[in-house]
Amino acid sequence: MPDPIKPVIVGSVRAGIGPAGARLDEDLLAGLNEPQREAVTYRGPALLIVAGAGSGKTSVLTRRIASLLRAREAWPSQILAITFTNKAAGEMRERVRGLIGDVAQGMWISTFHSACVRILRREAEQFGFTKNFTIYDSGDSRALIKRLVKEHEADAFGLTPASVQGRISKLKNELADAESFARSANLSDPAERVFAELFADYQRALQRANAFDFDDLIGQTVYLFRAFPHVADVYRRRFRHILVDEYQDTNHAQYALIHELTRPPGDGGTLLDETEPASLTVVGDSDQSIYAFRGADIRNITEFERDYPGAKVVLLEQNYRSTQTILDAANAVIGNNFDRKDKKLWTDVGLGDPIIGFTGYSQHDEAQFVADEVEALRRRGIPYSEMAVFYRTNSQSRALEEIFIRAAVPYKIMGGTKFYDRAEIKDALAYLIAVANPADELSVRRILNRPRRGIGDVTETAIARYAQEEGITFRDALANVSALGVGPKIQQAIAQLDAVLAEATAIMLPASGEVAAPTSVTAGLTVLLNKSGYLDALRRSKDPQDEARVENLDELVAVTREFARGNPEGTVLDFLTEVALVSDADDLDDASGTVSLMTMHTAKGLEYDAVFVTGVEEDLIPHRISAGEPGGPQEERRLFYVALTRARKKLHVSLAMTRAQFGEVSAAMPSRFLQEIPHALIDWRQSPGDVNSRGGMKSRALNGRPSTGSGTGAGGGWSGGSRYGDDLVPLPKRERPAGDLTKFANRIPAKVRDNGDLELAPGDRIRHDDFGEGRVDMVTGEGAKRVAHVRFDTAGPKKLLIKIAPISKL
DNA sequence: GTAGTTCGACTTTTT
DNA sequence: GTCGAACTAC
């Protein structure tokens, strides 16, 4: 990517507000309200735009950039705009281009991670890396850490790969490194000492592999800037206008990076250097901070004015996205978070439709409601592409998928990095990495015996030992098979692998002077997959899944072709970088349109005409794990708030009474957040109370297998009280006796049915509201998941969730 | 060294 | 209900 650093024209930067500039701005300001105009036109060292959900912040940001360029206050190359996702970056670039045309070329609009990769590729040689470094995604890191944990036998100290990885990541987000950790840690605790060693080893391994993990991309760039001020100055002079979106979700390392970039260049340097620090614009909404779990520090926004004295603050509170009903619900929910600046979104588009609520018996039942409703909306003219379904955890997507496939609703799952997580794709990428960055031992080890070449642990260790003795890389050791002292068959296999890698290297990384052909990545990958025998092995296999793997690899080859089309000069490294940093395949919404399924986190920054928020249950949202974390429940509430505010016109909230996870069914309760939405705003198609009523409510689940736990007519039961922590008020107690369960709209009954710890033993006779009398065969499970296996006199054998089934002991 | 089997743990969210 | 790791049998 040619991107020469253009000289900064000192002094001209601030001069743009002339009469011409003002005139030029008029069309950019069209349709903006007063605060929005101010946010576009304000000029000064620092600007904080507090932008509520749907307040048009993207519009403001893009117009701000456009006006800077239009008035010649800045060259495109002087602008650095940071967004949260690659997708958002692409959209912003498009919108700026739409405003002022191709002048926009040369701007850096990217994520923190992409921007840092660009910087690091240029500067890697400054500190012991080479510019063909590779990027470890979380899976790669985990694999490496797993090996280290094993080597150190760290599990004896209660250190799991996951916990080590999480801790290292947290530390890196705080800009701590292995040494600084070791200095401050309590090393008399053996577990701490082992962890410190792991951390140091991990970092050494990364360095040896010429690789950065996600957190390093940011952290090492900060380190680079601090250790080499002359390098930092290059970027400080270059970037005159820095804009950061979603500022509430920046972590300390990212904050430090921005801080480094907005220092005056040549700190205390030459006399003539009067370059001012870059101007900084940040946009954020503390109510939408949902990434504290990965180190986002809300203080970055709340203390912005302290960090940048004299900063201008602009508040955007008018919402242009949703109906008043949706906003009222969202405002009411978020209002339950204490410790927040009160901010009320408003709109002038009117009340709109009520929120639609639905309670299913099971997650399939719930999914069926969503599918039906999607179809109904479609018939009323809302395109699929304007509908989205949100859930808290990725695993919830499965039930939705199953029903959507059955109902022939076109959908796509956003965000899940599934494709690039598949084993065969990772293998193929490891082949590419082995060529692009031979120092990356992890990748070479990965492909060593893939396909099966008869190279096992023993041989692998032999190669590693040989490499160490000779002081060469693992990759280079492969070229010296005869010295390894392994059998001729294995020698032959290794030599073959070495030859294939060499051939691909010649294609993708031709000797200096020559330029690789645009198709080099495609050609190289094809060679690797074919001549390594990888594809052959899959084709020969009788495992039916391997057929799909071949197709996936074809798909990957197609991706390289697509990449070549978009980046004629792109190298293998560019390709690998893109793959590592682009999470979802950034599908452009195709014309036919599909419903989007995604987690609530992924939903941030997006908007749809119709939104389905599913699984609104306790232990899911707020997630059970969040209860133990400081600020957890509040963050969950913000997450729910983000989900609600994505909807323009139609908002649906739904839940299931029973949810299967771990293959076991257990009873679920409505989320406390539901209770926080004013009842009058929700029109319950089927409220948690209804689900218990005996009158004519049948399971809508298509699979209709009554054996999946509760049977068809399981009563809805939500136990109130007791389980509430956090800052909430317990659900109001219902006065009516259980049994009188006619619909009462817009109320979530606190206690519809709860058999509590009704004891049942084999042999007991029971009566079920629907199935009549029967005899208990056995009881399995525990607590809320206790299941009675009952043989009914007339209805036959059923499995029932004891806690909520409409049964009584005789 | 490999293939097949059983057992266990596991699911929070992402660049 | 799924994925991976450990174990066993060739």
Side-chain angles (χ1 to χ4, degrees), chain A residues 82-89 110-117 135-139 141-143 146 150 155 160-162 165-166 169 172-173 212-219 246 249-251 253-254 289-296 390-399 402 414-417 420-423 449 451-460 486-487 489-490 493 541-543 577-584 598-605 615 619-629 632-633 635-636 638-640 642-643 659-665 708:
Chain A
I82 301 286
T83 60
F84 199 67
T85 62
N86 290 290
K87 189 172 178 185
S110 68
T111 62
F112 271 107
H113 296 268
S114 304
C116 287
V117 170
I135 300 163
Y136 277 20
D137 65 22
S138 358
S141 304
R142 195 168 50 244
K146 202 181 247 172
K150 211 170 195 171
D155 47 345
T160 64
Q165 184 177 25
S169 175
K172 284 185 173 181
N173 285 334
F212 294 96
D213 66 18
F214 277 142
D215 301 315
D216 276 347
L217 293 177
I218 317 285
E246 310 283 10
D249 282 324
T250 51
N251 61 34
Q254 292 165 333
S289 161
I290 54 174
Y291 283 101
F293 73 91
R294 70 168 207 220
F390 304 153
Y391 36 81
R392 176 68 231 280
T393 66
N394 279 306
S395 60
Q396 288 167 254
S397 69
R398 192 172 305 144
E402 283 169 17
M414 314 277 292
T417 53
Y420 290 106
D421 270 350
R422 291 170 192 278
N449 197 31
R452 306 238 131 92
R453 299 186 172 88
I455 303 174
D457 258 1
V458 182
T459 312
E460 188 176 328
V486 294
K489 224 172 170 175
I490 293 179
S541 152
K542 12 182 215 309
D543 184 342
T577 303
E578 184 165 309
V579 167
L581 293 180
V582 172
S583 57
D584 54 85
M598 68 190 85
T599 66
M600 296 182 189
H601 282 89
T602 309
K604 190 173 70 155
D619 288 352
L620 220 42
I621 173 83
H623 197 275
R624 151 204 292 272
I625 292 176
S626 73
E629 290 166 1
E635 174 148 319
E636 297 287 306
R638 290 195 293 270
L639 183 57
F640 188 59
V642 166
R659 190 164 290 275
Q661 47 188 354
F662 286 93
E664 291 223 64
V665 183
T708 48

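From a predicted model like this one, the values you see are computed outputs, not experimental measurements. Order of the sequence lines sets the chain letters (A, B, ...), proteins ahead of strands, with each chain counted from 1.
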For nucleotides 5-7 of chain B, list the nitrogen or oxygen atoms of the protein found under 3.5 Å from its nitrogen or oxygen atoms, one pair per line.
none

*Quick one: is B:dT15 close enough that its OP1 or OP2 comes under 4.0 Å of any side-chain N or O from A:Asn173?*
no
_Applying a 4.0 Å non-hydrogen cut-off, can you work out what A:Lys604 is touching in the nucleic acid: base, sugar-phosphate, or nothing?_
nothing
*asked:* Go through it in stages, so that I can follow the logic: the residues are A:His601 and A:Phe293, the test is ring-ring contact (aromatic ring centres under 6.0 Å, His included), and I'd like the CA-CA distance, side-chain angles, deciding distance and then a yes or no.
replied: CA-CA 12 Å; A:His601 282 89; A:Phe293 73 91; 5.6 Å; yes
*Are any of A:Ser114's side-chain N or O atoms less than 4.0 Å away from OP1 or OP2 of B:dT15?*
no
*Roughly how far, to the nearest 0.5 Å, is OH of A:Tyr291 from CD of A:Glu635?*
9.5 Å
Show each protein N/O and nucleotides 1-4 of chain B N/O combination with a separation under 3.5 Å, one pair to a line.
residue: B:dG1; atom: OP1; partner: A:Thr459; partner atom: OG1; Å: 3.0
residue: B:dT2; atom: OP1; partner: A:Gly454; partner atom: N; Å: 3.1
residue: B:dA3; atom: OP2; partner: A:Arg452; partner atom: NH1; Å: 2.7

*Which value, rounded to the nearest 0.5 Å, describes the distance between A:Thr111 atom OG1 and A:Ile218 atom CD1?*
7.5 Å
_CZ-CZ distance between A:Phe84 and A:Phe112, expressed to the nearest 0.5 angstrom_ = 9.5 Å
_Test applied, side chain to side chain donor-acceptor pair (under 3.5 Å); reference residue, A:Asp215; option that passes from A:Ser138, A:Ser169, A:Ser141_ = A:Ser169
*Decide, yes or no, whether a salt bridge links A:Arg659 with A:Asp619 under the criterion of side-chain N to carboxylate O below 4.0 Å.*
no
*Pick base, sugar-phosphate or nothing for A:Ser395, based on heavy-atom distances below 4.0 Å to the nucleic acid.*
base
*Under 3.5 Å donor-acceptor, A:Asn173 side chain and A:Arg294 backbone*: yes
